[in-house]
Each structure stands twice: as structure tokens, then as C-alpha cells.
Number of protein chains: 2
Amino acid sequence: MQTETDALSLTFAALADPTRRAMLARLAQGPAAVKELPNPYNLSSPSISKHLKVLERAGLIERGREAQWRPAQLQPAPLKDVSDWLEVYRKNWEANFDRLEEYLRKIQKDKGI
Amino acid sequence: MQTETDALSLTFAALADPTRRAMLARLAQGPAAVKELPNPYNLSSPSISKHLKVLERAGLIERGREAQWRPAQLQPAPLKDVSDWLEVYRKNWEANFDRLEEYLRKIQKDKGI
DNA sequence: TTCTTAGTTTACTATTTAGCTAATTAGCAA
DNA sequence: TTGCTAATTAGCTAAATAGTAAACTAAGAA
């Protein structure tokens, strides 16, 4: 159901690309012009523009205008939404860790006998 | 660069669909057979099978076999990876909240004069 | 005015994704 | 055996995604 595309789906889809995540990592430090953004796969300018549009549509960045530059700025609200969504599952991975820990304690004890 | 597809990209892509997120929400409560999973958009069985394959490829579930059922079980490790990835950005949304809080405090104070 | 840098838009192609129906596999039950 | 339920695989279509080159816009500099 990638048609009505709810906000969370848009956000996750935007995050599912290493170029876009690299951009966000840079923008976490502060606003930057397009040419200042990392381009780890040496994509063409139009491709970079498209990636920025994807981030913008997901609400993860906002664009400005300063002389001939169009700086991008991180908007972290959708990331907080992801964090909130994740909370429900935290008990699952912490429980798993507990079971692993318990197992490790057990084999350690067995070895000690 | 959706070709080599690193683990994190696979995970985010798998999460970018409401049907798959509904499945995970159910599986957070414990394993379930395919027919027990939520199907909020009334998709056909083959479509559901495909969604499960996407979750499996991302390492978010593991499949089993019990008589004619193929139960799915949540594997939360990739979700923990997402949580770890998010941590870098936490300061960004908390800083934003701080600025909002500060602003709200300010207008409250101004009203009080 | 002309040049240069920054960036976007247009138009196109290739690949991936998501859905369907029909057919198939697997196990249990009568 | 035959039939029933659970689920997957095969084969197809439509739509979305990601990339490119070429053309264009916008602002500052010579």
C-alpha cells in the first residue's frame, strides 16, 4: 500500500538510502549548501537534487535561499516519530539480550564446575 | 544506491509499509501463523507471503514450520540497530524541544507583565 | 553585458516493488 | 484415496524509484 503513504512510511522510505542518510548525518551538525553535502557514490547533481526532494517530502529537511545557494536544514521531528514508534519494541530486543546474557552466564558456570 | 543494499537500508525499506509494520506489531506479542497476522488492506495471500519475505530478508523475522503452519517470529536485532542509528540525532530533536519550551516560557512571562 | 558557479527541471531509461490470479506444495482429516 | 486448510511459487502487469544528459534559472563577479 505505497499509494496513500502515511507519514511514517514516507520517513522510513526516505531513510532507506545510504546517500540520504549521509546527508542527514552532515545536516545534524548544522545547515549546509548542496555542494557541501557528502556524495559518497559520486552521483550527478540532478540525482542529489532528487534525494533532497525525498528528504523534504518526508519532512526531514527544509530548504532555504541564500544568494545562489539553497541551504538545507535538518528537521528532526520525523526522527522523533521513528524513535517513538520503536519504543514499543524495545522490550523485545532487551528481552533477547537478557536471554543471551542468561545463556552466557550458564555456560560460564558449567565451565567452572 | 539501492543495489548493494546495506543492512540498515534493507531494514528501513522493510519498515516503510503499514502492512509490514502491522505484522511486526502483532509479532511483538509473540509468534503467529500467517493467517493470524493482521491484514489491514485485505491483501491476497501471495501478497502477504511477499511482505513476509521482505521482513525475513531484512532479518526482522524468522520462519518456522509446525504442521501446515509456518509461524513467524520477531527478530528484534535490526530494530535495535535502527535505535542505535537514531541516537546520533536525539540531541537535534531534544534541542528543538528546548527552543520551543524556551519560547513558550518567554511568551508566558511576557503575558504575566 | 558576459561569464561562472550553484542548483533545479525536463525527458528519458532501467530496475525494483507491489499487487493480482492461477497453479502448486504440505500436512491433516474423513 | 479424496478433500480441506495453510501457505508458497509462477507468471504477469502497473507503478514507483533511481539514475543519466541536456537544458534552464538565479545570483554574483568581471
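Here is the naming used below: chain letters follow the sequence lines, and residue numbers restart at 1 for every chain. Atom set for the values below is all heavy atoms of this structure, side chains included, hydrogens, waters and symmetry mates excluded.
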Gap between atoms CZ and P, on B:R65 and C:dG27 respectively (whole Å): 5 Å

CG of A:N39 versus C1' of D:dT20: gap in Å, rounded? 14 Å

Quick one: which of D:dA7, C:dT21, C:dA18 gets closest to the side chain of B:D17? C:dA18

What is the distance, to the nearest angstrom, from the CD1 atom on A:I48 to the C1' atom on C:dT5? 17 Å

Can you tell me if B:Y89 uses its side chain to pair, donor with acceptor, with the backbone of A:K80 under 3.5 Å? no

Quick one: on DNA chain C, does A:V34 or B:A67 contact a more 5' nucleotide (nearest heavy atom)? A:V34

Just how far, in rounded Å, is P of C:dT16 from NE2 of B:H51? 18 Å

Proximal nucleotide (of D:dG19, D:dA27, D:dA18) relative to the A:L43 side chain: D:dG19

Using a distance-only criterion (donor-acceptor N/O pair, under 3.5 Å, no hydrogens), is the base of C:dG19 paired with the side chain of B:K50? yes

From OH of A:Y41 over to P of D:dA18, roughly how many Å is that when rounded to an integer? 13 Å

Check: B:V34 and B:R63 side chains under 4.5 Å, non-hydrogen atoms: yes

Could you tell me how far apart B:L10 (CG) and C:dT16 (P) are, to the nearest whole angstrom? 13 Å

A:R70 side chain N/O closer than 4.0 Å to the phosphate oxygens (OP1, OP2) of D:dA26? no

Shortest side-chain distance from B:W69, nucleotide among D:dA6, C:dC20, C:dT8: D:dA6

Which of these nucleotides, D:dA22, C:dA6, C:dA22, is closest to any side-chain atom of A:K35? C:dA6

OP1 or OP2 of D:dG19 under 4.0 Å from side-chain N/O of A:S44: no

Look at B:E94 together with B:K91 and state whether they make a salt bridge at an N to O cut-off of under 4.0 Å. no

One pair to check against side chain to side chain contact (heavy atoms under 4.5 Å, CB included): B:L79 and A:L86. What are the steps and the verdict? CA-CA 7 Å; B:L79 295 178; A:L86 267 181; 4.0 Å; yes

Output yes when a side-chain donor or acceptor of A:R70 lies under 3.5 Å from a complementary backbone atom of A:R65, and no otherwise. no

Let me know the distance between CZ of B:R57 and P of C:dT17, rounded to the nearest Å. 7 Å

Contacts of A:Q68 and B:E36 projected onto DNA chain D by closest heavy atom; the upstream (5') one is B:E36

Which listed nucleotide (C:dT8, C:dT9, C:dG19) is nearest to the side chain of A:K53? C:dT9

Roughly, in whole Å, what's the span from CZ in A:R20 to P in D:dT17? 9 Å

Are any of A:S47's side-chain N or O atoms less than 4.0 Å away from OP1 or OP2 of D:dG19? yes

